[in-house]
Amino acid sequence: FYLSNSSWLRHSGLAGMDSVGDTLQRLRETFSAGRTRPAEFRATQLEGLGRFLRDNKQLLQEALARDLRKPDFESEVSEFSMAQHEIHLALRNLRAWMKDEKVPRSLGTQLDRAFIRKEPFGLVLIIVPWNYPLNLTLVPLVGALAAGNCVVLKPSEISKNMEQVLAEVLPRYLDQSCFAMVLGGPEETGQLLEHRFDYIFFTGSPRVGRIVMTAAAKHLTPVTLELGGKNPCYVDDNCDPETVANRVAFFRYFNTGQTCVAPDYVLCSPEMQERLLPALQSTIARFFGEDPRSSPNLGRIINDKHFQRLQGLLGCGRVAIGGQSDQSDRYIAPTVLVDVQETEPVMQEEIFGPILPIVNVRSLDEAIDFINRREKPLALYAFSKSSEVVKQVLARTSSGGFCGNDGFMHVSLASLPFGGVGASGMGRYHGKFSFDTFSHHRGCLLRSQGMEKIYSIRYPPYTPRNLRM
Ligand code: NAD
């Protein structure tokens, strides 16, 4: 690492804290001067992000490969193209999104102008996890910059190679007066959170989400919390097992299962399980070959801590498919577990790895009860050839997002809000929802000084005439 660029810092101890304070002060001054407000300035930053992606594609792809051994195809669809699409969308719609939004008026405000102004919050902090370290950096950043904010970015220290590329390269593409990067782990982030921000956008675990929200409460700072959890996947008896196996396995094992919206466990009848297991077996063999360890299509677990945690989960229930692991390579085979008890760790914590437990339920009602007894998930999946069954699951449960008969395709649509509910988070983003998240919606009424005679009927001394107003 070289630390010469003053727009980003790896800080430690008191001296570091002072320089973070100075950096935040500098960003605040930029914001107060109104520099980030014009559409042209915002567009220039967004174009910078686009150039950053194009100019450094290989470097970024290598970083993703080194951190997660992410296959290029997965990097392309889930990191680059989503970020590029968000940049493109924001650039195309920036002026329309920024426009004051006229609202209907009442009888008493007919002569006035009433509108919602979308104004930037000011200084925004974005905290990023390691699993989609480029997407989850750039997509919120697009929203924050499009909305005219100054931004402090805290990438994940765990995806080390991406952290390094972001720190060294990204600041060159953005105006130094409105953007800074702070590097570090839990301790440094804790210190950073003592400072006052105007908005905090956090993506990560529910445990750290609580820490962030507690710190934000001290300054009454609004937050978006994009968290995780266990995403149920209900498979009805009325399904084609091969199709379900393809779709569930693709989205479970994508990014080696390290996806916040991955189907976390399957709920199905014992009969469906009997049909699904051979289908999953042949799907996994088709996707990753007979020896998935040598497959170029399967990534690796991010670090030893997560590897050990996942290895522990392999001891839950009974291994029906896979189950092999190798610490030296942080390899875990695509695995399916059966005979799993609800009380076992694999059904208590978010799995975040290539392990799929199947839990048996006897009916749709029992599946819905099972889902509703637990925290509200970030995503929920229901598979059935009967649209009635899918509609029932949708109507009788709650989750951040929902997809019928597939995995996390709903996340790829920028016209849908993406975010959690309950324990899976609060707030939403993607597309215009990002712009709105990073904007204060200011309710404005503009009235002239005329018509005082008419308006004076509201003033005291009150008479029955006031009530007729
Ligand atoms: P994490 O909560 O451990 O870390 C996220 C960020 O918080 C990192 O930048 C980290 O440096 C910082 N951090 C860690 N400990 C901290 C502390 N004590 N105080 C302050 N900051 C701290 O999450 P992770 O392991 O990087 O990512 C995995 C989690 O993120 C999973 O739960 C997953 O579901 C969730 N996630 C959610 C989404 C979403 O969009 N909802 C997307 C990706 C990941």
Side-chain angles (χ1 to χ4, degrees), residues 10-11 67-68 78-79 82-83 86 125-140 143 152-160 162-163 166-167 181-195 197 200-216 218 223-231 252 254-264 301-307 309-310 348-353 375-380 399-401 408 410-412 416-430 433-434 437:
R10 180 182 286 279
H11 63 89
D67 284 329
L68 289 148
S78 64
E79 306 263 13
M82 277 184 79
E86 290 280 333
L125 172 62
I126 297 175
I127 303 178
V128 186
W130 51 261
N131 59 333
Y132 290 87
L134 185 64
N135 177 329
L136 299 173
T137 296
L138 289 188
V139 177
V152 174
L153 179 72
K154 212 301 286 177
S156 173
E157 77 287 7
I158 306 226
S159 38
K160 292 190 225 41
M162 181 57 75
E163 183 198 40
L166 289 172
M181 210 181 290
V182 175
L183 306 185
E187 196 190 325
E188 290 84 356
T189 314
Q191 290 169 11
L192 182 63
L193 282 166
E194 286 169 19
H195 292 271
F197 293 91
I200 300 178
F201 187 100
F202 171 81
T203 308
S205 61
R207 180 185 70 80
V208 180
R210 286 185 175 87
I211 296 173
V212 169
M213 197 165 172
T214 304
K218 285 204 185 119
V223 291
T224 289
L225 300 178
E226 294 284 340
L227 310 177
K230 292 184 79 63
N231 306 310
R252 168 73 280 187
F254 194 94
N255 202 27
T256 329
Q258 301 165 111
T259 305
C260 57
V261 280
D264 187 273
I301 305 306
I302 183 76
N303 62 17
D304 288 341
K305 192 174 137 213
H306 280 284
F307 174 86
R309 183 183 61 77
L310 288 164
Q348 295 292 321
E349 61 183 76
E350 178 181 12
I351 296 171
F352 227 57
E375 298 284 13
K376 291 182 181 176
L378 183 61
L380 205 156
S399 62
F408 45 87
H410 61 296
V411 180
S412 68
L416 287 175
F418 175 61
V421 59
S424 55
M426 59 187 72
R428 64 209 65 77
Y429 76 129
H430 285 188
F433 300 101
S434 296
T437 281

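Whatever order the structure lists ligands and atoms in, that order sets their numbers, starting from 1.
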With a 4.5 Å limit on heavy-atom distance, are the side chains of [X] and [Y] in contact?
{"X": "Tyr429", "Y": "Thr224", "result": "no"}
{"X": "Pro377", "Y": "Ser399", "result": "yes"}
{"X": "Asn131", "Y": "Ile302", "result": "no"}
{"X": "Met213", "Y": "Met426", "result": "yes"}

Can you tell me how far CG of Leu192 sits from CD1 of Ile200, rounded to the nearest 0.5 angstrom?
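Atom-to-atom, Ile200:CD1 and Leu192:CG are 8.0 Å apart.
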
Atom pair CG (Leu227) and CG (Leu378), whose distance is rounded to the nearest 0.5 Å: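 It comes to 8.0 Å.
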
What part of [X], side chain from CB on, backbone N/CA/C/O, both or neither, has a heavy atom under 4.0 Å from ligand 1?
{"X": "Ile158", "value": "neither"}
{"X": "Leu136", "value": "side chain"}
{"X": "Thr203", "value": "both"}

For this session: Please indicate whether any nitrogen or oxygen in Leu227 is less than 3.5 Å from any nitrogen or oxygen in ligand 1.
Result: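 Yes, at least one N or O pair falls under 3.5 Å.
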
| Ser205 N/O under 3.5 Å from ligand 1 N/O |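 So ligand 1 has an N or O lying under 3.5 Å from an N or O of Ser205.
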
- Message: Arg210: which residues meet the salt bridge (charged side-chain N to carboxylate O under 4.0 Å, His left out) condition with it, sequence neighbours left out?
- Response: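 Applying salt bridge (charged side-chain N to carboxylate O under 4.0 Å, His left out) to Arg210 gives none.
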
Which heavy atom in [X] sits nearest to a heavy atom in [Y], and how many Å separate them?
{"X": "Gln258", "Y": "Phe352", "answer": "CG-O, 3.5 Å"}
{"X": "Pro155", "Y": "Glu163", "answer": "CG-CG, 4.2 Å"}
{"X": "Leu183", "Y": "Ala167", "answer": "CD1-CB, 3.7 Å"}
{"X": "Ile351", "Y": "Leu310", "answer": "O-CD2, 3.2 Å"}

Contacting atoms of ligand 1, where contact means under 4.0 angstrom from a heavy atom of [X]:
{"X": "Glu226", "result": "37 (C), 38 (C), 39 (C), 40 (O), 41 (N)"}
{"X": "Glu157", "result": "10 (C), 11 (O)"}
{"X": "Lys154", "result": "8 (C), 9 (O), 10 (C), 11 (O)"}
{"X": "Asn131", "result": "43 (C), 44 (C)"}
{"X": "Phe352", "result": "28 (C), 31 (C), 33 (C), 34 (O)"}
{"X": "Leu378", "result": "41 (N)"}
{"X": "Gly228", "result": "34 (O)"}

What protein heavy atom sits nearest [atom], and how far off is it?
{"atom": "atom 39 (C) of ligand 1", "answer": "Cys260 SG, 3.4 Å"}
{"atom": "atom 19 (N) of ligand 1", "answer": "Pro186 O, 3.7 Å"}
{"atom": "atom 18 (N) of ligand 1", "answer": "Ile211 CD1, 3.5 Å"}
{"atom": "atom 26 (O) of ligand 1", "answer": "Trp130 CD1, 3.0 Å"}
{"atom": "atom 8 (C) of ligand 1", "answer": "Val128 O, 3.3 Å"}
{"atom": "atom 13 (N) of ligand 1", "answer": "Val208 CG1, 3.7 Å"}
{"atom": "atom 40 (O) of ligand 1", "answer": "Phe418 CE2, 3.2 Å"}
{"atom": "atom 31 (C) of ligand 1", "answer": "Glu350 OE1, 3.4 Å"}

Could you work out, for [atom], the closest of [options] by heavy-atom distance?
{"atom": "atom 30 (O) of ligand 1", "options": "Pro129, Pro206, Gly204", "result": "Gly204"}
{"atom": "atom 7 (O) of ligand 1", "options": "Tyr132, Phe202, Tyr429", "result": "Phe202"}
{"atom": "atom 20 (C) of ligand 1", "options": "Val139, Leu153, Ile127, Thr189", "result": "Thr189"}

- Message: Donor-acceptor pair, distance only, cut-off 3.5 Å: does the side chain of Arg252 make one with the backbone of Gly353?
- Response: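 Here the side-chain-to-backbone pair exists.
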
| query | Under the 3.5 angstrom rule, does the side chain of Thr203 hit a backbone N or O of Glu226 as a donor-acceptor pair? | reply |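 No; zero donor-acceptor contacts below 3.5 Å.
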
request  = Answer yes if a protein heavy atom lies under 4.0 Å from atom 4 (O) of ligand 1, otherwise answer no.
outcome  =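 No, because not a single protein heavy atom sits under 4.0 Å from atom 4 (O) of ligand 1.
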
Around Glu350, counting heavy atoms of other residues, nucleotides and ligands shown, do more than 12 lie under 6.0 Å from its CD?
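Enclosed.
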
